[in-house]
Number of protein chains: 2
Amino acid sequence: MGTRARAGNRLAAREALAQRVRGWAHLPFDPARCPVRSVLDQLGDKWTTLVVLVLTQGPHRFSAVQRAIPDISKRMLTQALRDLERDGLVARQVFPTTPPSVEYRLTPLGESLLEPLGALIAWAEVHMAGIVAARAGFARQRTARPAGA
Amino acid sequence: MGTRARAGNRLAAREALAQRVRGWAHLPFDPARCPVRSVLDQLGDKWTTLVVLVLTQGPHRFSAVQRAIPDISKRMLTQALRDLERDGLVARQVFPTTPPSVEYRLTPLGESLLEPLGALIAWAEVHMAGIVAARAGFARQRTARPAGA
DNA sequence: CAGAATCCAATAGGATACTG
DNA sequence: CAGTATCCTATTGGATTCTG
């Protein structure tokens with residue numbers, strides 16, 4: 001695919017999203033029932049997405065997930081896993097051994113999230129350098145003339 | 001494209017993401033410098049994404065964005081816009097009129113986000129019903145036998 | 001109009017101790 | 001091991017007031 005076609009794709013994606021947004025305009029606009037907010041809130045809660053990423057590597061036990069995300073507390077991991085289970089993205093399977101062991105894995109619904117999530121993460125990795133540069137430039141601007149110097 | 005090919009794409013996307021995640025394994029794992037966290041934190045902060053979606057409709061003035069998102073406060077809108085500007089996703093243009101007017105628009109970097117973001121939102125809209133159903137089922141399970149009934 | 005500043009309430013989230 | 005319960009702190013975010 002040439003750069004021309006890629007640019008066309010991007011433009012098409014932009015226009016498609018713009019139209020989708022326009023389509024919401026005449027809706028009642030109940031923030032609580034907005035799918036966008038609902039999903040984005042979940043993904044943005046600092047841990048959920050990380051847990052999903054760990055589970056792309058296959059089923060994990062509770063403690064294995066915790067080892068994979070060193071700075072998560074048990075409390076938050078429990079909550080993230082329960083939310084994901086509640087939403088049907090993750091399945092929880094208990095093995096009645098002693099001590100008990102529990103395994104978590106992505107459901108088909110959870111796996112279907114990986115495609116758009118992967119695209120977003122790819123974007124993040126590609127553009128991270130640009131964002132960092134923009135931040136540096138922004139910080140310079142702000143410190144350059146704080147009091148009309 | 002047939003269902004077979006679509007399933008193949010999905011599988012490919014899953015495997016691609018899984019590999020990407022594996023690629024991070026040997027990294028120092030500094031949570032503060034993780035692009036994924038950095039981007040997801042931003043998108044998940046409840047307002048940033050909504051603002052971006054509004055700006056897909058073209059340049060907006062401060063108050064126009066606020067009208068488009070009824071339940072945002074000036075404080076939060078200011079912050080969201082400044083963060084977006086800082087990251088280079090949004091450009092801010094001041095017109096020296098009285099009273100002053102300021103226009104915000106997406107930069108090329110900001111527009112490049114629309115493609116993966118649109119994919120995520122499309123996913124959210126498509127699967128929202130399934131998630132709601134899963135939540136209902138989960139709630140039933142929990143209330144069914146809270147004390148071994 | 002576009003924001004900055006201040007104050008306050010709600011929530012998120014970490015640390016620790018306890019349980020089946 | 002896989003959580004739950006409790007406590008406490010930090011951050012988020014709304015309401016209000018003030019300024020250029």
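Note that the structure is predicted; figures quoted are calculated from it, not measured. Quick note on labels: first sequence line is chain A, next is B, and so on, each numbered from 1. No hydrogens, no waters, no symmetry mates; every other heavy atom, side chains included, goes into these values.
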Engineer: Atom OH in A/Tyr104, atom CZ in A/Arg92: separation rounded to 0.5 Å?
Structural biologist: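 It is 4.5 Å, given to the nearest 0.5 Å.
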Engineer: Mind checking what makes salt bridge (Lys or Arg N to Asp or Glu O under 4.0 Å) contact with B/Arg135, not counting sequence neighbours?
Structural biologist: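 Partners of B/Arg135 under the salt bridge (Lys or Arg N to Asp or Glu O under 4.0 Å) test: A/Asp87.
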Engineer: Heavy atoms under 4.0 Å, any strand shown: does B/Tyr104 hit a base, just sugar-phosphate, or nothing?
Structural biologist: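 Result for B/Tyr104 = sugar-phosphate.
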Engineer: Polar atoms only, N or O, under 3.5 Å: list the protein pairs with nucleotides 14-20 of chain D and their distances.
Structural biologist:
unit_1	atom_1	unit_2	atom_2	d
D/dG14	OP2	B/Ser73	OG	3.3
D/dG14	O6	B/Arg75	NE	2.6
D/dG14	O6	B/Arg75	NH2	3.3

Engineer: Do the side chains of A/Leu55 and A/Leu84 get nearer than 4.5 Å, heavy atoms only?
Structural biologist: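 SC-SC contact between A/Leu84 and A/Leu55 ruled out.
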Engineer: Distance from A/Leu27 atom CG to A/Cys34 atom SG, nearest 0.5 Å?
Structural biologist: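 The SG atom of A/Cys34 is 9.0 Å from CG of A/Leu27, to the nearest 0.5 Å.
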Engineer: Give the rounded distance in Å between these two atoms: CZ of A/Arg92 and P of D/dC1.
Structural biologist: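 Going from CZ in A/Arg92 over to P in D/dC1 covers 16 Å.
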Engineer: Does the distance from a Lys or Arg side-chain N to an Asp or Glu carboxylate O, for B/Arg61 and B/Glu103, drop under 4.0 Å?
Structural biologist: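 Salt bridge: no.
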Engineer: I need the NE2-C1' distance between B/His60 and C/dG3, as an integer number of Å.
Structural biologist: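 Interatomic distance, NE2 of B/His60 to C1' of C/dG3: 19 Å.
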Engineer: A/Leu53 versus A/Leu117: any side-chain heavy-atom pair under 4.5 Å?
Structural biologist: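 Yes; the side chains approach each other to less than 4.5 Å.
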Engineer: Measure the angle between the two terminal helix axes of the helix from C/dC1-D/dG20 to C/dG20-D/dC1, five base pairs each, and quote it to 10°.
Structural biologist: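 End axes: 40° apart.
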Engineer: In whole angstrom, what separates A/Phe95's CZ from D/dC1's C1'?
Structural biologist: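 Whole-Å distance recorded here is 14 Å.
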Engineer: Side chain of A/Thr78 only, please: which of D/dA2, D/dT4, C/dG3 is the nearest?
Structural biologist: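 So the side chain of A/Thr78 is nearest to D/dT4.
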Engineer: Take the protein atom CD of A/Glu85 and the nucleotide atom P of D/dA2, then report the distance between them rounded to whole Å.
Structural biologist: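 Nearest whole value for this atom pair: 15 Å.
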Engineer: Expressed in angstrom and rounded to an integer, what is the separation of A/Asp41 atom CG from C/dG13 atom P?
Structural biologist: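 Atom-to-atom, A/Asp41 to C/dG13, this comes out as 11 Å.
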Engineer: Count I, L, V, M, F, W, Y as connected when their side-chain heavy atoms are under 4.5 Å apart, and connections chain through other members. Are A/Leu113 and B/Val132 then in the same cluster?
Structural biologist: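 Hydrophobic grouping puts A/Leu113 apart from B/Val132.
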Engineer: Rounding to a whole Å, what distance do you find between A/Leu77:CG and D/dG3:P?
Structural biologist: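 Rounding to the nearest Å, CG of A/Leu77 and P of D/dG3 are 8 Å apart.
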Engineer: Rounded to the nearest Å, what distance is computed from the CZ atom of residue B/Arg82 to the P atom of nucleotide D/dT12?
Structural biologist: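 Atom-to-atom, B/Arg82 to D/dT12, this comes out as 13 Å.
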Engineer: Report yes or no: does A/Thr107 contribute a side-chain atom to a donor-acceptor pair with the main-chain N or O of A/Ala91 at less than 3.5 Å?
Structural biologist: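 Not at all, since once roles are kept as given, no pair shorter than 3.5 Å links the two residues.
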Engineer: Closer than 4.0 Å, any side-chain N/O of B/Arg61 to the OP1 or OP2 of C/dC1?
Structural biologist: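 So the side-chain polar atoms of B/Arg61 never come under 4.0 Å of the phosphate oxygens OP1 or OP2 of C/dC1.
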Engineer: Can you tell me the distance, in whole Å, between the CD atom of A/Gln79 and the P atom of D/dA2?
Structural biologist: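 Result: 19 Å.
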Engineer: Any link between A/Trp24 and B/Val126 through a network of hydrophobic side chains (Ile, Leu, Val, Met, Phe, Trp, Tyr) touching at under 4.5 Å?
Structural biologist: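 No, A/Trp24 and B/Val126 fall in different hydrophobic clusters.
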